[in-house]
There are 2 protein chains.
Amino acid sequence: MRNTRSSTPVWQAISGALRADISEGRYLPGDKLPTEAQLSARFGVNRHTVRHALSQLVDDGLVRTRRGAGAFVASTPTDYPIGARVRFHENLLAAGRRPEKRVLDVECRAATAGEARALDVGDGAPVCAYRGLSLADGAPIAVFESVFPLERTPDIDRHLADTSSVTDALNRAGVADYTRASTRLTAVLADVTQALHLHLREGDPLLRSTSVNVDAAGNPVEYGRTWFAGDRVTLTLET
Amino acid sequence: MRNTRSSTPVWQAISGALRADISEGRYLPGDKLPTEAQLSARFGVNRHTVRHALSQLVDDGLVRTRRGAGAFVASTPTDYPIGARVRFHENLLAAGRRPEKRVLDVECRAATAGEARALDVGDGAPVCAYRGLSLADGAPIAVFESVFPLERTPDIDRHLADTSSVTDALNRAGVADYTRASTRLTAVLADVTQALHLHLREGDPLLRSTSVNVDAAGNPVEYGRTWFAGDRVTLTLET
DNA sequence: TATGATATGTCTAGTTGTATAGAAACTTGC
DNA sequence: GCAAGTTTCTATACAACTAGACATATCATA
């Protein structure tokens, strides 16, 4: 232990050095940073000091760590417009990201009361629930669950199996076009399953969107709920 | 890093998600689960983490894995009463299972010394040995071998060929009714052939039942041995 | 029947995350 | 000036997750 301490704590200096490396382009978004052990050796300090430095960068959103995998330079949040026409693929491509879907489950069953109301169908009407993950550049950004009324979107389950595009599936089910009738946003906390899928911790903030899409005649064809990872997506409301 | 928030280990969250899928009927007993690689991709985690999650389900008896084949939803053990009147079909149906027999072999030959003693017939008396598998809902639960004395059950081999019901075959052979005279139970280890038939590993525990069934006059009509898969069948002794 | 592909099982090792604790320097209040 | 609290740095240990490679069993196909 040194006799006197300089005015700047070591952890802060390390933080600053790494921040400079990132801002000067030595590390690009997605790049892996040196391991804690390597940084510890490089700066000649204890691993915990390095961890403290890194935690500052994580808090500031510059770095994202993954247990066992390493620390990576964070990407900027994906901008996701929400307006009259919301199309996942188009939105991601416009943001310069590679869109990807991962289907978790498709099941046809009777609508719950809330779903029946949202879709304007009879109680217990047959619907098809479609759950999955949305990813941008390979990173999960949202969990979604969409419910389709089978009376207005016949065989939607088969169409969903054949294409990853909801727009395409709806088209094959006879819905030539659809628009967003309503969107409600709420901040919620991630539960254990959402945290699992989104690579977050339980309790991390999520932005939940609840929406209804309607066909040209104004009939609901999709009741959707999406939970966006709070720090990975920025929703832009178009007016 | 956030200090205070509880965090479920990823392997536990995955375990929980799969457990919920099973309990909610998305996977039925006997169904194959997605492969480790598929689950790894679905949850975006390392295959070892998935394996740990699965191992919890295996430990809890919910899932059974076989090297090279996959992971399957385990069935709950079938309850199988043993009392004065033991009827395979009735027992399985009473347990809510679909009974099925698969005949491996029927051969008429001379009785061995042990069989002769058990059936109370002369040394070398002609008998008919009937070997097969018992299944519940398509899953093998036991290997059996029954020996019938031809002097008391004439043409039993032909009758066995005509019906999968032993009760029915005996009836056609002139045995109007029969009851259990004795049952002896022993725990044994599966040999390689039994393991193969029962989809177990060699050395897994089996419950071997050795029994004699007698006609109304008390004469033995069937000497039976059944090896039950230890974890797939629970024998209930009626008194 | 042989072979290639697929899937589980095992081993070794690296990396991050958490827990606990000690010591010294610094800060604050009296 | 001193005591108490905080900050900084160090240390060890273990858990959780990742990574890679290879062995063995099963399945499908030619």
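Proteins come first, then strands; the chains are lettered A, B, ... in the order of their sequence lines, and each starts at number 1. In what follows, every heavy atom counts, from backbone to side chain, and hydrogens, waters and symmetry copies are set aside.
- The CZ atom of R64(B) sits 19 Å away from the P atom of dA25(D) (whole-angstrom rounding).
- Here the P atom of nucleotide dT8(D) and the NE2 atom of H52(A) are 6 Å apart, to the nearest Å.
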Pull out every protein N or O sitting under 3.5 Å from an N or O of nucleotides 4-8 of chain C, one pair per line with the distance.
unit_1: dT8(C); atom_1: OP2; unit_2: E36(B); atom_2: N; d: 3.0
unit_1: dT8(C); atom_1: O4'; unit_2: G68(B); atom_2: N; d: 3.0

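- Between N46(B) atom CG and dG20(D) atom P the separation is 9 Å, expressed in whole Å.
- At a threshold of 4.5 Å between non-hydrogen side-chain atoms, the residues Q56(A) and H52(A) count as touching.
- Here dC17(D) presents its C1' atom at 11 Å from NE2 of H199(A), a figure rounded to the nearest Å.
- Residues V233(A) and P77(A) have side chains not in contact (no heavy-atom distance under 4.5 Å, counting atoms from C-beta outward).
- Taking atom CD of Q56(A) as the reference point, atom P of dC9(D) lies 12 Å away to the nearest angstrom.
- Rounding to whole angstrom units, CZ of residue F43(A) and P of dT10(D) are separated by 13 Å.
- Contact annotation: T49(B) reaches the phosphate of dT18(D) (side-chain N/O to OP1 or OP2, under 4.0 Å).
- Ring geometry for Y130(B) versus F144(B): interplanar angle of 30 to 60°, hence tilted.
- Note: CG (L39(A)) to P (dT15(C)) measures 11 Å, nearest angstrom.
- Across all their heavy atoms, R232(A) and H199(A) have their closest contact at NH2-O, 3.7 Å.
- In this structure, the side chains of V86(A) and Y80(A) come closer than 4.5 Å at one or more pairs of heavy atoms.
- The distance from atom NE2 of H48(A) to atom C1' of dT15(C) is 13 Å, rounded to the nearest whole Å.
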Compile the donor-acceptor pairs under 3.5 Å between side chains in residues 25-34 of chain A and protein atoms, sequence neighbours left out, one pair per line.
unit_1: R26(A); atom_1: NH1; unit_2: D21(A); atom_2: OD1; d: 2.8
unit_1: R26(A); atom_1: NH1; unit_2: E24(A); atom_2: OE1; d: 3.0
unit_1: R26(A); atom_1: NH2; unit_2: E24(A); atom_2: OE1; d: 2.7
unit_1: D31(A); atom_1: OD2; unit_2: L28(A); atom_2: N; d: 2.8

